[in-house]
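Working notes, beginning with the structure itself.
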Amino acid sequence: MERLKRIAVVDDEEVFIFLARHAIERTMLVDQISVFKNGAAILNFIRDNLINPHLLPEIILLDLSMPILDGWEFLEEFEKLCLSNPLLIYICSSSISPDDISRAKNLRAVSDYIIKPVTKEKIIEIIKSI
């Protein structure tokens, strides 16, 4: 199985960040984990590195409910970007709302909807699917 160079966790909850980081590290398949506390932070990072796509994460684990720019707002802005390499976005949410799940699955940029918590096994499954 191939290793990932970079994965980004976009969430404002410290407990989820800790658990997600731990699950990712336990796979031993990811070189770098970046954490962003809201959608604006990751969006700015992506925009700042459009000319350096090798610095962008290959996978983004995105929460929906965050301050400043939530996950839905991030996705709306993200879809306007022209990226040379596609980024895989997995929504990681505690919402089990069928409306949220359906809305996410209808977005071109979203690879899947994961209900928290994220496990080591789920991370491995995601990496295998690439």
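Since this is a predicted model, take the numbers as computed values, not measurements.
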Hey, are the side chains of [X] and [Y] touching, using non-hydrogen atoms and a 4.5 Å cut-off?
X   : Y    : answer
S93 : L64  : yes
V35 : V10  : no
I96 : I115 : yes
I59 : I130 : yes
D12 : P67  : yes
I24 : L29  : no
V9  : V118 : no

Would you compute the distance between atom [atom1] of [X] and atom [atom2] of [Y] and round it to the nearest 0.5 angstrom?
X    : Y    : atom1 : atom2 : answer
E121 : I124 : CD    : CD1   : 6.0 Å
D11  : L62  : CG    : CG    : 8.5 Å
E125 : K122 : CD    : NZ    : 3.5 Å
I17  : L61  : CD1   : CG    : 11.5 Å
C92  : F16  : SG    : CZ    : 4.5 Å
I123 : I126 : CD1   : CD1   : 4.5 Å

The complete set of salt bridge (Lys or Arg N to Asp or Glu O under 4.0 Å) pairs with one or both residues in residues 95-108, sequence neighbours excluded, reads K105-D112
Pair listing, salt bridge (Lys or Arg N to Asp or Glu O under 4.0 Å) test, anchored in residues 42-66, at least two apart: R47-E77, D63-K116
Any ring pair (Phe, Tyr, Trp, His ring centres under 6.0 Å) involving residues 31-52? Give me the pairs, sequence neighbours left out, ordered by first then second residue. F36-F45
Contact list for residues 32-42, test side-chain hydrogen bond (donor to acceptor under 3.5 Å, both in side chains), sequence neighbours left out: E14-K37
May I have all residue pairs that pass side-chain hydrogen bond (donor to acceptor under 3.5 Å, both in side chains) and include part of residues 21-31, sequence neighbours excluded? R3-D31
In short, K120 meets A23 closest at the heavy-atom pair N-CB, 3.7 Å
Shortest non-hydrogen pair, I89 vs A109, comes out as CB-O, 3.5 Å
Mind checking who shares a hydrophobic cluster with F18, ILVMFWY linked at side-chain heavy-atom distances under 4.5 Å? V15, L19
Would I46 and I60 count as a side chain to side chain contact (heavy atoms under 4.5 Å, CB included) if you check the C-alpha gap in whole Å, the side-chain angles of each, and the deciding distance to 0.1 Å? CA-CA 11 Å; I46 292 169; I60 297 174; 4.1 Å; yes
Return the set of residues passing side-chain contact (heavy atoms from CB on, under 4.5 Å) with [X] (not counting sequence neighbours), or none when no residue passes.
X    : answer
E73  : L69, D70
S111 : L88, Y90
N52  : N49, H54, L55
A104 : W72, I91, V110, Y113

Please evaluate residues I42 and F78 with respect to the criterion side chain to side chain contact (heavy atoms under 4.5 Å, CB included), reporting the C-alpha separation (whole Å), side-chain torsions for both, the decisive distance (0.1 Å), and the verdict. CA-CA 10 Å; I42 183 75; F78 178 82; over 6 Å; no
